[in-house]
There are 2 protein chains.
Amino acid sequence: MKMKSAKTPNLSLPKGATSHRKRPKIQDVATLASVSLGTVSAVLNGNGRISAATRNRVRTAIASLGYHPDLYASNLARKSTQVIGLVVSNLQNPFFAETAQAMEEEAGRHNHQISLMATNFSPERQRAAVERLLGARIAGIAVITSEHDQDARKLVLASGIPSVFLDVDKPIRNSATISVDSRGGMQAAVEHLIKLGHRDLLFVRNSEKENGTVLLSHKLRDEGFATAVRAYNSLGLNTNTVDISGPGADAGQRAIASAIGRVRFTGIVTVTDTVAMGVYRGLQARKLRIPQDVSVVGFDDAYFCRFLNPPLTTVSISREELSRMAVEALLQPQLPSGRGRSFNLGTHLIVRESTATPNTKSRTMRAG
Amino acid sequence: MKMKSAKTPNLSLPKGATSHRKRPKIQDVATLASVSLGTVSAVLNGNGRISAATRNRVRTAIASLGYHPDLYASNLARKSTQVIGLVVSNLQNPFFAETAQAMEEEAGRHNHQISLMATNFSPERQRAAVERLLGARIAGIAVITSEHDQDARKLVLASGIPSVFLDVDKPIRNSATISVDSRGGMQAAVEHLIKLGHRDLLFVRNSEKENGTVLLSHKLRDEGFATAVRAYNSLGLNTNTVDISGPGADAGQRAIASAIGRVRFTGIVTVTDTVAMGVYRGLQARKLRIPQDVSVVGFDDAYFCRFLNPPLTTVSISREELSRMAVEALLQPQLPSGRGRSFNLGTHLIVRESTATPNTKSRTMRAG
DNA sequence: CTGAAAGCGCTTACAG
DNA sequence: CTGAAAGCGCTTACAG
C-alpha cells in the first residue's frame, strides 16, 4: 500500500471508475477456449468457417465470462459503422416520436441502427447533437427538426457523410432534402371548411421565430392558408389569424380564449394537432360544441387525433414514407457531383368528426 | 473524367465506405498547428496548461480541417465514459417519453449523457438493448420498462456495472430498484370515486401477460383496486372488471363498447391515461357525458390529460423524482456488499374535471 | 480451419 | 508548457 497524504483516501479509485469486476476482454475468452484471439473475433462476427466444435467452445467461454465485445474497440478497428444518426426536435411531440420509431424500423430493414438525439428546439443543442454524431463516425445523418441551425448544417456538410434534411428552403449541394407539402395540406384543410359552407375562418398559427427566420414548415402552412383564401375570395370570406407563442397545447387554449368575443369564426384551422388539442379545450371551456358550433382542423395526424372528442379532422404526413425517403437518401446517395437531391412528400386530409356544415345561428357569434 | 469498366469501377471504394473526403485525425491537426499530438489532445480535453497562443493555433487548425474527435478512439483510450444507458419500453407512450426527457435533464446535471434504447415491449429487444449498452461501456444502466426479461437482468448483473430497475417484485442483490406505489395510487383513485358517491364501479385493466407473468405495475393496480373495494365493502359496492388486450387507446374504446349494456357503472378507473383516452371515446360514442353520466380516472398523468374534454382526473407519478432516484442509484452506488437498495416512489391523485358526484338517474343504467 | 502481427485514432503518464 | 511512446480492445489481411 502506498503512502498518500490525508486528503486523498488511499484506496480511492480513479475518478469515474467504480468497483466493477474487471471486464473480460477477447483475449480472456481466447485463453479460456484455448484458441487464438482471431478465432474468437471470427465467431463473434460470423466470419470465416469455424468448426462447430471450436465455435461451441468459444461460445461457452463467452457465456461463462459474461463477455461483451467493447463497442469502441470494435468500431475503431472496423472500417464503418452501421448506424444512422437521427436528430429530431423533441420526443414529447408525437410527430417526432412517431417518426423516430418509423425511422428505426426502416433502418432496421437495411441492417442499420439509429442513434437518436433530441434538440428540444435549441440551435445549440442541435449543434452539439451533430458534433456528437459526427464523432460517432455514423454512416449518415438525418436532421428531422423543425428548427434549423446554420452551423450545424455546415458541420454536417463539411464532414462529407451522406445527409438529409427536412423542410429546408432549397436544395443543398451534396446533400438531400425532403420537402413536405405543408402548403398543399393546409390549402386542402381550408378548402374543406369552405366547401362545408364556412365563411368565417380562424387560423391559429405559430409564427415564433427561430434564429430570426420563421420555420419553413410554418411558413408553408401560412401560404397554404393564404392561397386557399385567395382562391375563394369571391365568396366573401371573413378570416382572422391568431399568433401563438409556442408549440404547446396551452398556447392553443390561450389563443381561443383571446379570440372568442373578439373575432367571428365558425371554422378553425391550426398549425398542429397539439395546438388543436388546446383549441378544443379553449372551445369546450366556453361551452362551444365541436363541430356543431365550431369546426376544427389539425395538422400532422398524431396518434391521439382519433381519440379526441370528437375525433380530429387533420392533415396527415406519412412517417413511413418520410422514413423511406430519408433512409434511401442516406444509404443510396447520388453521385457526389449532384446539386442536391430533393424528395417531395405529399400530405393528405383526413376527415373525421370535428368538421361539419356550420350552424347558421352560431355564425353570428361576435364580440360581446 | 476517368475511364471505368462497365461492371466494376476500378475506383470502387471498400464496401460500406462512401465517397467521404478522408476524415481528418488528430495528427493532421497537430501537423497543421505545428504542435505535437498530445498537445492537441490537451486542448480538446481542457487538460494541462496550454498557452493561449498555442491553443488558438490548435483551435484554428481544428476548425479549418473540420476535425471531430473519433468517439470510438477516444473512449477506447479513456478509462470511463460519462454515459448512462436507459432502456424504456416505448417512446410513443407519454410516460416513457416524458421519463426519458427527465432522465436526460437529471443526468445532464451530473455531466452525464443518456444513451436511449426502446424495447417496444419485446423481451428479445430488451436483451439486445442491454447487450448493446454493455458493449458501450456505460457508467450505469437504468431499466425503466414495464416488461422485464430475466436474461437481460442477468446480463446486467453479471456485468457488475451499477444498475437500477423499475417495478420489479423484490430487491435485487448488488443492484437498485425503484418501486412505484401504484397500489396506493389506484386505491386513492377508487376511494375518490367512492367518496363522491359512486357505488357502481368499472375497472378497465390490462392483465396481458409478459413471459407468463403479469406486469408488477399492473398487478399493483389490481391490488389497489381490490383493497379499496374491500375497505368500503359495507357500502354495497357493485364492481366489475374488463380486461383489455393491449396498452393502446383502441383497447380502452373496445372495453367500453363491450361493457355498456352488460354491466352497470357510474365510475370508471383505468390502468393508464392512454386507455382512459379510449374510454372517453367509447363513452362519447354512446352519447354518455363525462362526468355527468360517468366519471373516469386515469393513471400516469400524461401531458395530454389536461387537454382532454373534460380534463382527466388521474394518478400522477413524478418523472422528476423517478429520474433523481435512478441517477442517484447509478452514480452513488452503495457498497457492493449491499443486499440491494430500494427506493419508493409515491403517487398522488390529481383531481380534474372528469370525476363528479354520480347522477342518480343514470345510476340505474343496465343491460338492455 | 487457426495464429501472429499490424493498425484503427485517441489518452495519458512520463521525461524533458 | 511540449513531445515521444505505450496502450486501450478490437478487426483484418496474411501466412500457415
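First the proteins, then the strands, lettered A, B, ... as listed; each starts at 1. In what follows, every heavy atom counts, from backbone to side chain, and hydrogens, waters and symmetry copies are set aside.
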Participant: Does D/dA13 have a Watson-Crick or wobble partner in any strand here, with both distances under 3.5 angstrom, and which is it?
Facilitator: none

Participant: So, is B/Thr39 near the phosphate of D/dC1, with a side-chain N or O under 4.0 Å from OP1 or OP2?
Facilitator: no

Participant: Quick check on C/dC10: is either OP1 or OP2 less than 4.0 Å from any side-chain nitrogen or oxygen of B/Ser74?
Facilitator: no

Participant: Measure the distance from CG on B/Leu76 to C1' on C/dG7 and round it to the nearest whole Å.
Facilitator: 12 Å

Participant: Mind checking if B/Leu37 touches a base, just sugar-phosphate, or nothing, with heavy atoms under 4.0 Å?
Facilitator: base

Participant: Could you tell me the separation between the CG atom of B/Leu134 and the C1' atom of D/dG9, rounded to a whole number of Å?
Facilitator: 16 Å

Participant: Distance check needed: D/dC10 C1' versus A/Ile62 CD1, whole Å only.
Facilitator: 13 Å

Participant: Check every atom of C/dC8, C/dA5, C/dC10 against the side chain of B/Ile26 and return the nucleotide holding the closest atom.
Facilitator: C/dC10

Participant: Look at the side chain of B/Ala73 and decide which nucleotide, out of D/dC1, C/dC10, C/dG7, has an atom nearest to it.
Facilitator: C/dC10

Participant: Could you tell me whether the phosphate oxygens of C/dC10, OP1 or OP2, come under 4.0 Å of any side-chain nitrogen or oxygen in B/Tyr67?
Facilitator: yes

Participant: Would you compute the distance between atom CD1 of B/Ile84 and atom OG of B/Ser163 and round it to the nearest 0.5 angstrom?
Facilitator: 12.0 Å

Participant: CG of B/Asn45 versus P of C/dC10: gap in Å, rounded?
Facilitator: 11 Å

Participant: Please assess B/Arg153 against B/Gln126 for the test side-chain contact (heavy atoms from CB on, under 4.5 Å), listing each intermediate value before the final yes or no.
Facilitator: CA-CA 9 Å; B/Arg153 186 194 296 187; B/Gln126 179 168 150; over 6 Å; no

Participant: Do the charged groups of B/Glu104 and B/Arg109 touch, with an N to O distance under 4.0 Å?
Facilitator: no

Participant: Give a yes/no on whether any side-chain N or O of A/Thr54 is located under 4.0 angstrom from OP1 or OP2 of C/dT2.
Facilitator: yes

Participant: Evaluate the side-chain contact (heavy atoms from CB on, under 4.5 Å) criterion for residues A/Ser175 and A/Leu157: first the C-alpha distance (whole Å), next the side-chain angles of each, then the deciding distance (0.1 Å), finally the verdict.
Facilitator: CA-CA 7 Å; A/Ser175 181; A/Leu157 297 178; 3.7 Å; yes

Participant: For the pair made of CG in B/Asp28 and C1' in C/dC10, what is the distance, rounded to whole Å?
Facilitator: 13 Å

Participant: Write down the partner of D/dA4 under the Watson-Crick or G-U wobble criteria, each distance required to be under 3.5 Å.
Facilitator: none

Participant: Measure from the side chain of A/Ser36, starting at C-beta and using heavy atoms only, and say which of C/dG3, D/dT2, D/dG7 lies closest.
Facilitator: C/dG3

Participant: CG of A/Asp70 versus C1' of D/dG7: gap in Å, rounded?
Facilitator: 14 Å

Participant: State the CE-OG distance between A/Met325 and A/Ser342, to the nearest 0.5 angstrom.
Facilitator: 10.5 Å

Participant: Would you say the side-chain atoms of B/Asn56 pair up with the backbone N or O of B/Ala53, donor to acceptor, closer than 3.5 Å?
Facilitator: no

Participant: What nucleotide among C/dT12, D/dT11, D/dT2 has an atom nearest to a side-chain atom of B/Arg78?
Facilitator: C/dT12

Participant: Look at the side chain of B/Val35 and decide which nucleotide, out of C/dG3, D/dG3, C/dG9, has an atom nearest to it.
Facilitator: D/dG3

Participant: By nearest atom, which of the nucleotides D/dT2, D/dC10, C/dC10 is closest to the A/Ala77 side chain?
Facilitator: D/dC10

Participant: When all nucleic acid strands are considered with a 4.0 Å heavy-atom cut-off, which category describes A/Ser41: base, sugar-phosphate, or nothing?
Facilitator: base

Participant: Starting from P on D/dG3, measure out to CD on B/Gln27 and report it in whole angstrom.
Facilitator: 11 Å

Participant: Quickly work out the B/Leu71 CG to C/dC10 P distance and round it to whole Å.
Facilitator: 11 Å

Participant: Strictly below 4.0 Å: does B/Asn75 bring a side-chain N or O up to OP1 or OP2 of C/dC10?
Facilitator: no

